[in-house]
Amino acid sequence: MRTGSARYLSAVKVLLIEDEPELRRSIRTYLQGEGFVVDSANDFPTAHEKTTQYIYDAVLVDITLPKGNGLDVVRELRAKHPTTGIIIISAKGSLDDKVRGLDLGADDYLPKPFHLPELVARLRALIRRKRFDGNTAIELDELRIVPEDKLVEVHGQRVDLTIMQFDLLLFLVANKDRVLSRTAIVEHVWGDMAERLDHDGFLYSHMKNLRKKLLEKGCRDRIQTVYGLGYRLSTRA
Ligand code: CA
């Protein structure tokens, strides 16, 4: 594991859907220790609410849940957020559940009990695959980003960004051509800190500086403000 990737993964947001309190705690603590931002849900209604409200990089979902079924979470998520990675974590070792889960659009299936380092390895591989089609560099004509090295170039010239500007750009690129609400961006990039921020002012100034730095190097004006809604990074600009 290269040192750069842990930093890059620090902005990765995961939803853990698990009703066993002990297991939920241990997975959550372990993932946080590995630098993930972790949100959790202990039943179906909470899982439904969170996946409706926020955009996650990955969701870990148990199948047998209070007040519902994890497979329904998979079905809903796949329809709403095709770029979210889904790993089913389930004690139900039946082949049926596995096949149904993968049929519904889950990306991976990890039977319980499992080792936490294996979960993390699969999570990292999945996120890399999902976000950037498995490529180490993302290229949009003049703009090139190497997430693991925190490198951004425009026409081959390095752009110096702060970590927050870099995370913002990566989130916009991962969701290119889609409008992202201010709330979704703030929640994603700043995680739990978001509650204490003056959202609009904070995001506005970071976005303005990011845009300015890219334009200065000759990047096309790709970051668009969508009035009343949020921001979008356009591949066609
Ligand atoms: Ca369960």
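One-based numbering, in listed order, for ligands and for the atoms of each.
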Do Q165 and H206 have a side chain donor and acceptor closer than 3.5 Å?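 No, because no side-chain N or O of Q165 sits under 3.5 Å from a partner of the opposite role on H206.
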Check whether any side-chain heavy atom of L71 sits under 4.5 Å from a side-chain heavy atom of I88, and report yes or no. yes
Taking only residues two or more places apart in sequence or in another chain, which ones pass side-chain hydrogen bond (donor to acceptor under 3.5 Å, both in side chains) with S181? none
Only counting residues at least two apart or in another chain, list the ones meeting side-chain hydrogen bond (donor to acceptor under 3.5 Å, both in side chains) with Y56. D39
Between the main-chain N or O of Q224 and the side-chain N or O of R232, is there a donor-acceptor pair closer than 3.5 Å? no
side-chain contact (heavy atoms from CB on, under 4.5 Å) with D177: which residues, sequence neighbours excluded?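 Per chain and number, D177 pairs via side-chain contact (heavy atoms from CB on, under 4.5 Å) with S234, T235, R236.
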Within less than 3.0 Å of the Ca ion (ligand 1), the count of protein N, O or S atoms comes to 3
